[in-house]
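Contents: one structure, followed by commentary.
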Amino acid sequence: MKELLEAAFLEALRAAHPYRLTQRALPPWKPDLVLAVGKGAASMLKTALDRYGEVPYHLTLPKGQDALGLRAVFAGHPLPDGESLRAAQEVLELLQGLSPKARVLALVSGGGSALWCLPLGISLEEKQTLTQGLLQSGASIHEVNAVRKHLSRIKGGRLLLATRARVHALLLSDVPGDDPSVIASGPFHPDPTTYADALAILDRCRLGLEGARRVLERGAKGELPETLKPGHPALRRLSWRMAGRNLDLLKAAQGFLRKEGHRGVILSDRFGGEARALARFHAELAETIRAHGVPFRKPLFLLSGGEAQVRVEGRGLGGRNLEFLLALYAHLQRPLYALAADSDGLDGPSGAAGALLTPEVWELGLDPRPFLAENNSLGFFQEAGTLLKTGPTGTNLNDFRLLFVD
């Protein structure tokens, strides 16, 4: 069963590979410039170059990722760095230099918020502190990016405003709900959030960040221009298509399991909230199925996606998928097989894609409570010996969870 769980995850990654997804979404015309950013950008760009031949391009990838032989800027993720500044400035200058007749193909995938970084009114160091605080606060990715958009010269549609060219964007979604304004903080898309919304998010997350607050307060008073809003005339120059999403990943795994003779049910592609609360929901659902055969009869696989959050209060290491599995282990009344992983191959700072739960983990008798208290899900699964390590996968279609209920 452990091997089947791993095979389903790997087959889903193969079937929903960025090259394959992008290949069927490319426009028929040859662009004058291709911009590619994010964890899936190398394969997306390679697809475009294989289709169109020689085209000017700019590629930005996370450090340590394979550029597939292409010229690239390697920038920081999840925290932006100096190379993030360089990449964003280069992209901005390329777009500003285009004529109204030029056509740009923008290949955008998750991770772009950090990889293209051009702060508005604050320093890079302040932007790094802001990002770290938001990521550890338990804020949703929609909330995190609402703040980042209002402290950026390029996010929230500002790259579209910076050019006269026509832009066609192909997106790989790593956000629940597949909102194009949230993916990579929507550099070309209209933004429905405001400076006041961003301030309210900092308040809810109890983040001081005086420099960021000063900028947001000026914006809320109307002293700074807002992000691109729905209905703006510049949007006549934008077209876009969702090339891939979390549901593609889940359906691929479901199809693989069906071919192997197993029944799989997709619960949702957009679960969010605290990882521990999400784990409790999955545990209670599994126990209900076991006890009563509702809402599904056993045996079956439960699949779900989306992106949970972790409020970091301890000093341990882990990621949202490891935290989910640790809390699942704590809530379950008896063992089951489960896998949870980030499709990009890196679950937070853990160095692993995720991990597995197997009956053998229960046999070890590990107490989950001290690990949960320290947010040390990595330490738990190191002791359990069930970490799942794939390395960077070259994609980012959000999280993947698979439970076998018998």
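What you see is a predicted model, and the numbers here were worked out from it, not measured in a lab.
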Backbone N/O of [Y] and side chain of [X]: donor-acceptor pair under 3.5 Å:
X: Lys298; Y: Arg290; answer: yes
X: Thr386; Y: Leu356; answer: yes
X: Lys149; Y: Pro187; answer: no
X: Arg263; Y: Arg297; answer: yes
X: Glu307; Y: Gly272; answer: no
X: Gln309; Y: Gly273; answer: yes
X: His292; Y: Val294; answer: no
X: Arg237; Y: Ala165; answer: yes
X: Tyr195; Y: Pro225; answer: yes
X: Ser113; Y: Ser185; answer: yes

Can you confirm whether [X] sits close enough to [Y] that some side-chain heavy atom of one is under 4.5 Å from a side-chain heavy atom of the other?
X: Arg158; Y: Leu120; result: yes
X: Pro18; Y: Thr47; result: no
X: Leu170; Y: Leu107; result: yes
X: Asn398; Y: Pro176; result: yes
X: Leu4; Y: Tyr337; result: no
X: Phe256; Y: Leu10; result: no
X: Leu5; Y: Thr358; result: no
X: Gln128; Y: Gln132; result: no

Are Leu322 and Phe371 close enough, and set up right, to give a side chain to side chain contact (heavy atoms under 4.5 Å, CB included), and what steps lead you there?
CA-CA 11 Å; Leu322 294 180; Phe371 294 96; over 6 Å; no

Over all atoms of both residues, closest heavy-atom pair of [X] and [Y]:
X: Thr390; Y: Thr393; value: OG1-CG2, 3.7 Å
X: Leu61; Y: Gly38; value: CD2-O, 3.5 Å
X: Ala114; Y: Leu79; value: CB-C, 4.4 Å
X: Pro230; Y: Leu235; value: CA-CD1, 4.1 Å
X: Arg148; Y: Thr131; value: NH1-CG2, 3.6 Å
X: Ala286; Y: Val405; value: O-CG1, 3.7 Å

Below 30° counts as parallel, above 60° as perpendicular, anything between as tilted: where do the rings of [X] and [Y] land?
X: Phe380; Y: Tyr329; result: tilted
X: Phe9; Y: Phe400; result: tilted
X: Phe324; Y: His282; result: perpendicular

With a cut-off of under 6.0 Å to the ring centre and 45° to the axis, is Arg71 in cation-pi contact with Tyr57?
yes

Testing the 3.5 Å rule here: is there a donor-acceptor pair between the side chains of [X] and [Y]?
X: Thr194; Y: Asp197; value: yes
X: Asn375; Y: Glu313; value: no
X: Ser239; Y: His168; value: yes
X: Lys127; Y: Thr129; value: no

Interatomic spacing from [atom1] in [X] to [atom2] in [Y] - rounded to 0.5 Å:
X: Asn145; Y: Ser140; atom1: CG; atom2: OG; value: 8.5 Å
X: Leu372; Y: Leu326; atom1: CG; atom2: CG; value: 4.0 Å
X: Leu378; Y: Leu387; atom1: CG; atom2: CG; value: 6.0 Å
X: Ile289; Y: Asp406; atom1: CD1; atom2: CG; value: 11.0 Å
X: Gln89; Y: Ile154; atom1: CD; atom2: CD1; value: 9.5 Å
X: Met242; Y: Asp248; atom1: CE; atom2: CG; value: 10.5 Å

Check against salt bridge (charged side-chain N to carboxylate O under 4.0 Å, His left out), Arg245 and Asp174:
CA-CA 7 Å; Arg245 62 194 82 200; Asp174 68 327; over 6 Å; no

Given side chain to side chain contact (heavy atoms under 4.5 Å, CB included), test Leu402 with Leu257 step by step and report yes or no.
CA-CA 11 Å; Leu402 181 61; Leu257 291 168; 4.0 Å; yes

Assess whether salt bridge (charged side-chain N to carboxylate O under 4.0 Å, His left out) is satisfied between Arg166 and Asp32, documenting all intermediate values.
CA-CA 10 Å; Arg166 288 170 288 173; Asp32 298 293; over 6 Å; no

Can Glu11 and Arg14 be said to form a salt bridge (charged side-chain N to carboxylate O under 4.0 Å, His left out), step by step?
CA-CA 5 Å; Glu11 173 59 23; Arg14 187 199 67 78; 2.7 Å; yes

Output, in order, the C-alpha distance, side-chain angles, deciding distance and verdict of salt bridge (charged side-chain N to carboxylate O under 4.0 Å, His left out) for Lys2 and Glu360.
CA-CA 11 Å; Lys2 175 177 178 290; Glu360 290 75 21; over 6 Å; no

The complete set of salt bridge (Lys or Arg N to Asp or Glu O under 4.0 Å) pairs with one or both residues in residues 376-403, sequence neighbours excluded, reads Arg320-Asp399

Are Tyr19 and Leu68 close enough, and set up right, to give a side chain to side chain contact (heavy atoms under 4.5 Å, CB included), and what steps lead you there?
CA-CA 12 Å; Tyr19 191 100; Leu68 305 179; over 6 Å; no

Tell me whether the count of non-hydrogen atoms from other residues, nucleotides or ligands lying under 6.0 Å of [atom1] in [X] goes above 12.
X: Glu54; atom1: CD; value: no
X: Lys229; atom1: NZ; value: yes
X: Gln333; atom1: CD; value: no

Using a strict threshold of under 4.0 Å (side-chain N to carboxylate O), is an ion pair present between Glu217 and Lys221?
no

Criterion side chain to side chain contact (heavy atoms under 4.5 Å, CB included) on His150 and Glu226, from CA distance to verdict
CA-CA 8 Å; His150 287 88; Glu226 257 290 359; 2.9 Å; yes

